[in-house]
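Read the structure below first, then the notes.
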Amino acid sequence: MSEEKKPLNFIEHIINEDLKAGYDPAKLKFRFPPEPNGYLHIGHAKSICLNFGLGEQYNAPVNLRFDDTNPIKEEQEFVDAIKRDIKWLGFEWAEECYASDYFQQLYEWAVQMIKDGDAYVDSQPSSAIAEQKGTPTRPGTNSPYRSRSVEENLMLFEKMKNGETREGEHVLRAKIDMAHTNMLMRDPVMYRVLHKSHHRTGNKWMIYPMYDWAHGESDYIEAVSHSFCTLEFVMHRELYEWFLEKVYTQGDVKPKQREFARLNLSYTIMSKRKLAELVRQKVVSSWDDPRMPTISGLRRRGYTPASIRRFAETIGVAKRENIIDVSLLEFCAREDLNKTAPRVMAVLDPVKLVITNYPEDQEEWLEAENNPEDDSAGFRKVPFSRELYIEREDFKESANRKFFRLSLGKEVRLKNAYIIKGEDVVKDEAGNILEIHCTYDPNSRSGSGTPESQRKVKGTLHWVSIKHAVEAEVRLYDRLFEVEAPDGDKDQDFMSFLNPNSLEVVRGYLEPSMAEAKEFEQYQFQRLGYFNVDPDSKEGALVFNRTVTLRDSWAKMANS
RNA sequence: UGGCCCAUGGUGUAACUGGCAACACGUCUGAUUUUGGUUCAGAAGAGUCUAGGUUCGAGCCCUAGUGGGCCAACCA
C-alpha cells in the first residue's frame with residue numbers, strides 16, 4: 001500500500017506538530033458547534049467536513065454541540081434540521097451535547113470568579129457600557145460598579161439568577177482591562193438576564209451566558225483538544241484563553257482554538273440573516289428551495305452527499321479570504337452523478353417530428369442502455385412510434401456545417417433508434433414550426449448490427465414517443481444572483497443583484513419508464529443535464545429539479 | 001494617530017526543518033464516442049503584493065511599506 005502523501009492543510013500541520021511534541025493521540029477530540037437558530041448551509045458543510053473528516057483521519061471522537069445560549073433565537077426545529085443535515089452528509093457524532101447542559105457548571109464557575117475578584121455585576125444600561133468601551137484607538141473607562149464588593153456582587157448575581165431583577169438591569173462582567181488593545185478584553189459581559197423560556201431548559205434559568213464565556217468552557221468540559229472556528233473569531237482567542245485559565249485544572253486537556261477562512265461561493269450569499277430575508281420576502285419558496293445554498297436546498301436540488309464532501313475536500317482549508325467559483329461545486333456534482341445517475345430521455349422544449357415512412361399503427365420497444373459508465377446498470381425498453389417529440393433547438397431548416405443536428409436534407413441518429421433524414425417542415429401563418437417531417441432508414445436500427453446501422457452520422461438526438469410520453473413539471477434553475485459577490489458591495493443592497501430568471505418552469509415529456517420515478521431519485525436526462533424528483537411530486541404529477549446541466553461545449557460555441 | 005489576521009496563474013489550494021513553483025477547477029487544442037456528455041492525449045496561463053535585509057541559495061526567515069479582512073451586540 002503506497003501512501004500517496006496528500007498535502008496537509010495548516011490545521012493538520014498543527015495537529016501533527018502537537019502529536020510530534022508528545023500529545024497523546026487518544027486525547028484528540030473535535031467538535032462541530034452550531035447555534036440552533038437556522039438552517040445549515042454549504043459554509044457549515046465545509047466546517048462539518050473539516051471537523052468530522054479530522055475525526056476519521058485521526059480516529060478521534062467528534063461531538064455535535066449545540067451552542068444554545070440565546071433562547072431568543074433558538075428552536076428545537078433547528079436542532080432537528082441540523083442533526084438531519086449532518087447525518088445526510090454521512091457523518092456520525094460521538095456525543096450530542098448542548099451548551100445549556102453546562103449552565104449549572106458555568107454558573108458555579110462564575111460565582112467562583114466573583115469570589116476571586118475576576119468578575120463583577122455592572123448595573124448600568126447597555127448604552128453606558130458601550131460608551132465606556134472606548135474605540136479601537138481609544139481606551140475605555142472603568143465602570144463605576146467595577147469595584148463593588150464581592151458580597152454585593154454575589155448578592156446581585158444571585159438575584160439575577162433568581163429572576164428578581166429586570167432584563168437589562170444588571171449584567172455580570174469579567175474584570176480584565178478597559179484599556180486593552182483588544183476590545184473584547186475590555187471587561188466583556190459574561191451573563192445577561194433574559195426572562196425567556198429556553199427550548200431545553202424551559203424557565204429554569206433567567207441568566208444566560210454569553211458566547212465567549214460559554215464556548216471555551218464547553219470545549220473544556222467536553223475535553224475537546226482542538227476547537228476550530230472561522231476567522232472572525234481570531235480576536236476572541238485571547239479571551240477564550242483568559243477564561244480557560246480561570247477554571248483550568250492542571251492535567252486536564254486544554255482546548256486549543258484555531259481559526260480558518262469561511263467559505264464564500266460565487267453568485268450566492270452565505271449570511272443566515274440574508275438567506276432568511278430571501279425566504280421572508282418570498283424570493284425563494286423556503287429554506288430548502290433548490291436555489292438556496294443551504295444543505296437542505298442542495299439536497300433538494302439533487303446534490304449528493306458524496307459530491308458535497310468531495311467539494312469540501314477540494315477547496316481545502318486555509319486562512320485566506322476566498323470566493324470559490326460555483327463551477328467547482330457543479331463539477332463535483334457532475335463527477336459523482338455521471339457515475340451513478342441512470343440515463344433517460346426527456347424532451348423539455350418539444351417540437352413534433354413525424355416519420356412519414358413509418359407505419360401509422362406500428363410501435364417498437366427498443367433497447368436502451370441505463371448507464372454507459374456502469375456495466376451493472378443494465379438495459380431498459382423505450383417505445384418508438386411514428387410521431388415523436390424532439391427538442392426544438394435540435395432542428396434548423398438550414399444549418400452550417402458546425403450544426404450537427406437535424407436540418408432539411410441531412411441525416412441524424414435518433415438515440416437508441418434509427419437514422420432519419422429531414423424532409424419538410426409544416427408551419428403556421430406566423431412562420432412557427434408546427435411539425436417536422438422526416439423519413440427513416442428501416443435498416444439502421446441501433447444495435448441491429450446491419451451495415452446501415454453502423455453508418456456514422458454526425459449528430460444523435462434524444463426523443464420521446466408522443467403517444468407514450470409521461471408529462472411532468474420540470475424546474476430549471478439558474479444562479480440566484482447575477483453578480484459574483486452579491487453581498488460584497490458596500491453601497492448596493494444584495495437584493496438588487498437578484499437574477500430574475502433563477503427559476504424557469506416548463507412542461508416536459510419523458511419516456512414512460514419515468515412514470516415510476518420516486519422522490520429524490522436522480523437521473524440524467526440525456527444531453528440536457530442531471531435532474532431529480534422533487535418532493536412536490538404527486539401521484540401522476542411528477543416534478544423534477546434540474547440539478548446541473550451537462551457540460552455543453554456546443555452552447556459555448558453558439559454563444560460566442 | 002490602535003491591535004490582530006491575511007497576501008502564490010482567472011479561481012481555490014500545495015510546496016515537510018530555506019534547494020529549478022505543483023495539483024484541481026476553469027480556458028484552449030486534438031483523438032475517441034449512438035449523449036456536442038464521459039474518457040484519453042496535450043497546450044496556454046503565476047516567477048509567489050512592493051522595497052530592502054539575512055543566506056551560496058528566499059514563496060518560505062527578518063524589517064518596512066502597500067492592499068484586503070476582522071475588532072467598539074446584554075448575537076454567535
Side-chain angles (χ1 to χ4, degrees), chain A residues 5-9 13 16 33-35 37 67-70 72-74 122 125-126 129-140 167-173 180-184 186 189-194 208 210-212 214-215 229 231-238 259 261 263 266 272 313-325 327-332 334-335 338-339 343 345 368-369 372-373 402-405 412-417 419 446-447 453-454 456-462 484 524-529 549-558:
Chain A
K5 48 181 175 187
K6 219 176 58 181
L8 303 176
N9 60 47
H13 280 300
N16 287 352
E35 182 188 14
N37 69 342
D67 227 333
D68 55 349
T69 57
N70 184 357
I72 296 168
K73 304 202 292 186
E74 296 151 5
D122 197 337
S126 62
I129 292 176
E131 254 171 59
Q132 289 160 10
K133 206 120 206 183
T135 71
T137 55
R138 291 248 169 288
E167 286 188 12
E169 202 176 342
H170 310 284
V171 289
L172 184 72
R173 292 228 260 168
H180 205 290
T181 51
N182 181 351
M183 304 255 329
L184 284 158
R186 322 243 260 226
V189 173
M190 292 171 68
Y191 277 98
R192 76 284 214 189
V193 173
L194 254 25
Y208 290 91
M210 299 291 289
Y211 166 84
D212 288 296
H215 200 92
C229 58
L231 246 28
E232 65 270 29
F233 290 100
V234 177
M235 303 305 290
H236 293 250
R237 186 149 114 199
E238 196 171 11
E259 312 81 12
L263 165 69
S266 62
K272 256 184 215 178
E313 197 179 300
T314 309
I315 60 175
V317 180
K319 300 177 77 165
R320 183 154 50 138
E321 300 286 336
N322 59 77
I323 301 183
I324 312 276
D325 201 309
S327 66
L328 182 58
L329 216 209
E330 294 173 344
F331 165 81
C332 293
R334 291 190 189 107
E335 188 188 37
N338 176 49
K339 289 179 298 201
R343 318 283 130 125
M345 290 198 286
E369 192 176 16
E373 306 295 316
K402 278 189 175 171
F403 188 79
F404 299 168
R405 308 176 181 191
V412 91
R413 152 106 33 212
L414 291 177
K415 179 85 183 166
N416 305 125
I419 292 172
S446 294
S453 73
Q454 319 274 18
K456 299 284 179 205
V457 288
K458 267 229 202 81
T460 301
L461 309 186
H462 61 277
E484 270 196 55
Q524 184 196 92
F525 289 0
Q526 281 180 116
R527 302 211 301 135
L528 296 176
T549 61
L550 256 30
R551 278 188 71 216
D552 190 348
S553 43
W554 163 246
K556 254 183 247 165
M557 280 174 62

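Proteins get letters first, then strands, A, B, ... in listed order; numbering begins at 1 in each.
Within the 4.0 Å cut-off from OP1 or OP2 of B:rG37, at least one side-chain nitrogen or oxygen of A:S553 is found. Using a 4.0 Å cut-off, no side-chain N or O of A:R138 falls inside it from OP1 or OP2 of B:rG2. Side-chain N/O atoms of A:K556 include one lying less than 4.0 angstrom from OP1 or OP2 on B:rU27. Dashed line: the shortest gap from a side-chain N or O of A:R192 to OP1 or OP2 of B:rC75 is under 4.0 Å.
Within the nucleic acid shown, A:G447 comes within 4.0 Å of at least one base atom, counting heavy atoms only. The residue A:F233 sits close to a base: some heavy atom pair falls under 4.0 Å. Among the atoms of the strands shown, only primed sugar atoms or phosphate atoms (P, OP1, OP2) are found under 4.0 Å from some heavy atom of A:V234. Among the atoms of the strands shown, none is found under 4.0 Å from any heavy atom of A:P33. A:S126 comes within 4.0 angstrom of a base, heavy atoms only. Across all strands shown, A:I315 has heavy atoms under 4.0 Å from sugar-phosphate atoms exclusively, and none from any base. Residue A:Q526 is classed as a base contact, given a heavy-atom separation below 4.0 Å to a base. If you check every strand for non-hydrogen atoms under 4.0 Å, A:P125 touches a base. Residue A:K73 is classed as a base contact, given a heavy-atom separation below 4.0 Å to a base. If you check every strand for non-hydrogen atoms under 4.0 Å, A:L184 touches nothing. Residue contacts shown for A:S266 are absent, as no nucleic acid heavy atom lies under 4.0 Å away. The residue A:E238 sits apart from the nucleic acid: no heavy atom pair falls under 4.0 Å.
Set against B:rG36, B:rU35, B:rU38, the side chain of A:E373 has B:rU38 as its closest nucleotide. Checking B:rC74, B:rG2, B:rU38 against every side-chain atom of A:I129, the shortest atom distance belongs to B:rC74. Candidate nucleotides B:rA72, B:rG37, B:rC75 were compared by shortest atom distance to the side chain of A:N70, and B:rC75 ranks first. Each of B:rC5, B:rU11, B:rA14 was ranked by its minimum atom distance to the side chain of A:D325; first place goes to B:rU11. For A:K415, the listed nucleotide lying nearest its side chain is B:rU35; candidates were B:rU35, B:rG26, B:rA14. Here B:rU33 is the nucleotide among B:rU35, B:rU27, B:rU33 with the atom lying nearest to any side-chain atom of A:K456. The A:K319 side chain lies nearest to B:rC6 when the options are B:rC6, B:rA14, B:rC75.
Straight-line distance between the C1' atoms of B:rA51 and B:rC40: roughly 48 Å, to the nearest whole Å. Comparing the P positions of B:rA7 and B:rC28 gives an interatomic distance of 31 Å, to the nearest angstrom. Here the separation of B:rA58 from B:rC49, taken at their C1' atoms, is 16 Å to the nearest Å. When the P atom is used for both B:rG37 and B:rC25, the distance is 16 Å, rounded to whole Å. Separating the P atom of B:rA14 from that of B:rC6 is a span of 13 Å, rounded to the nearest Å. Separation of the P atoms belonging to B:rG53 and B:rU17 is 26 Å when rounded to the nearest angstrom. Separating the P atom of B:rA24 from that of B:rU63 is a span of 36 Å, rounded to the nearest Å. When the P atom is compared between B:rA15 and B:rU32, the two are found 41 Å apart, to the nearest whole Å.
Searching all strands for a Watson-Crick or G-U wobble partner of B:rU66 with both distances below 3.5 Å returns B:rA7. The partner of B:rC75 is absent, by the rule that a Watson-Crick or G-U pair needs both atom distances under 3.5 Å. Base-pair partner of B:rC23: B:rG12 (Watson-Crick or G-U wobble, both distances under 3.5 Å). Pair check for B:rU55 finds none; no Watson-Crick or G-U wobble contact set falls under 3.5 Å.
Ranked by how close their nearest RNA chain B nucleotide is to the 5' end, A:H13 and A:Y211 are led by A:H13. When each of A:N416 and A:E131 is assigned the nucleotide of RNA chain B with its nearest heavy atom, A:N416 is the one assigned upstream, toward the 5' end.
In this structure, A:N70 and A:N37 have side chains that are not in contact, with every pair of non-hydrogen atoms separated by 4.5 Å or more. Taking the side chain as every heavy atom from C-beta outward, A:V189 and A:D122 never approach each other to under 4.5 Å.
Across A:D67 and A:H215, no two heavy atoms sit closer than the pair OD2-ND1, 2.7 Å. Taking both residues in full, the closest heavy atoms of A:M345 and A:Q526 are given as CG-NE2, 3.6 Å, listed atom of the first, atom of the second, then distance. Nearest heavy-atom pair, A:L231 versus A:K319, reported as atom, atom and distance to 0.1 Å: CD2-O, 3.3 Å.
No hydrogens or angles were tested; on distance alone, nothing pairs the side chain of A:E330 with the base of B:rG26 as donor and acceptor under 3.5 Å. Judged by atom type and distance alone, A:E369 does not reach the base of B:rU34 through any side-chain donor-acceptor pair under 3.5 Å. Side chain A:R527 to base B:rU35: no donor-acceptor pair is found below 3.5 Å.
A:D325 meets the side-chain hydrogen bond (donor to acceptor under 3.5 Å, both in side chains) test with A:S327; sequence neighbours excluded.
Note on ring orientation: taking the six-membered ring where Trp is involved, the planes of A:Y211 and A:F233 are tilted (angle from 30° to 60°).
In this structure, A:L231 atom CG and B:rA7 atom C1' are separated by 13 Å, rounded to whole Å.
Partner of A:T460 under the side-chain contact (heavy atoms from CB on, under 4.5 Å) criterion, chosen from A:R527, A:R405, A:K415: A:K415.
Classification of B:rG47 as syn follows from a glycosidic angle within 90° of 0.
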